[in-house]
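Just so it is clear, the values below take in all heavy atoms, side chains as well, and ignore hydrogens, waters and symmetry mates. All residue numbers refer to positions in the sequence shown, counting from 1.
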Amino acid sequence: MTIDVNVNDIDEATLEDIDEIIEDTMVQMFFLQPKDAAQLASAKAVCAEHEPFFYAAPATLAESADANCIGYRVSVPEDLMREAIADKPLFVEESDLDEAMTAALKNAEAKGIVLDAVQPHEALESFYLAIGPGNVKAFNSEALSGISMDRIALQSGFPDHGFDEIFGAVKTVSDALFRPEQSIIARATKQTLHLTGFKK
């Protein structure tokens, strides 16, 4: 089983083929990443009809989240002040991780996932690095080899990349870490399940 923690959008044609996609790729859970109210409404509708889908709600719309929400997207330090997001992990884009945001997450002792990570973010010890086809090449072999398997989550960035492209990224990580691809997938899956409360 593989979990895709960063699905940017999904269309009806893909949803119609989702059972076949799951069978072909073994990606069995998908986390949608809506960025505004319209995308959140769409994500909620998809999750209500398709069991393998969940979403991370923008922190600014936390009050609109339902039971399929597995975390909150934060982008500025002020987002961390919202009480409604205190009980779930946080998702933050690499592009939003300036010095102030990194310090705020660290001071809040937050946990979560850095989406589209391009550096190790060692200061954020409780954050996994989402790695996939769109960002794995941002790390050279030396940088990848220094990342613990215990800090990796997997992403596609769909629709910019296909779900099956996750496994090319896993191979790159595997080659750098000298660890079997299945071990990397299994560890990333287990960690993501624990983080999002599916597995205690």
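- A side-chain donor-acceptor contact under 3.5 Å links Gln191 to the backbone of Ile152.
- Atom CD of Glu51 has 12 or fewer heavy atoms from other residues, nucleotides or ligands within 6.0 Å.
- Checked by atom type and distance alone, the side chain of Thr102 never pairs as donor or acceptor with a backbone atom of Glu99 at under 3.5 Å.
- Environment of NZ in Lys106: sparse, with no more than 12 heavy atoms of neighbouring residues, nucleotides or ligands closer than 6.0 Å.
- With hydrophobic clusters built from ILVMFWY side chains whose heavy atoms lie under 4.5 angstrom apart, Phe53 does not share a cluster with Phe91.
- Judged purely by atom type and a 3.5 angstrom limit, Asp17 has no side-chain atom pairing as donor or acceptor with the backbone of Glu20.
- Separation of the Phe30 and Phe158 ring centroids does not fall under the 6.0 Å cut-off.
- No donor-acceptor pair closer than 3.5 Å links the side chain of Asp116 to the backbone N or O of Glu94.
- At most 12 non-hydrogen atoms from other residues, nucleotides or ligands lie less than 6.0 angstrom from CZ of Arg179.
- Cluster annotation: Leu61 is connected to Val7 through the hydrophobic network of ILVMFWY side chains, with a link wherever side-chain heavy atoms come within less than 4.5 Å.
- At a cut-off of 3.5 Å, with distance as the only test, no side-chain donor of Gln33 or Gln39 sits close to an acceptor on the other residue.
- The backbone N or O of Gly132 sits nowhere less than 3.5 Å from a side-chain atom of Glu165 that would complete a donor-acceptor pair.
- Tested against Thr192, the residues Phe198, Tyr128, Phe31 include a single side chain to side chain contact (heavy atoms under 4.5 Å, CB included) partner, Phe31.
- In this structure, Tyr72 and Ala62 approach most closely via the heavy-atom pair CE2-CB, 3.6 Å.
- Residues Leu15 and Ile10 form a side-chain contact, since some pair of their non-hydrogen atoms from C-beta on lies under 4.5 Å apart.
- Using a 4.5 Å heavy-atom cutoff, the side chains of Thr2 and Thr25 are not in contact.
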Given the rule in the side-chain contact (heavy atoms from CB on, under 4.5 Å) test, do Leu105 and Leu97 qualify, once you have shown the distances and angles that lead to the verdict?
CA-CA 9 Å; Leu105 290 168; Leu97 276 175; 3.6 Å; yes
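- With hydrogens and angles disregarded, a donor-acceptor distance shorter than 3.5 Å links the side chain of Asn135 to the backbone of Ala130.
- Phe139 and Phe167 fall within a single hydrophobic cluster, where Ile, Leu, Val, Met, Phe, Trp and Tyr are joined by side-chain heavy atoms under 4.5 Å apart, directly or via other members.
- Heavy-atom neighbours of Met1 CE from other residues, nucleotides or ligands within 6.0 Å: above the threshold of 12.
- Follow the hydrophobic side-chain contacts under 4.5 Å out from Val74 and you never reach Phe54; the two are in separate clusters.
- Between the side chain of Ser145 and the backbone N or O of Ser141, at least one donor-acceptor pair lies under 3.5 Å.
- In terms of modelled atom types and a separation under 3.5 Å, the side chain of Ser42 and the main chain of Ala38 share no donor-acceptor contact.
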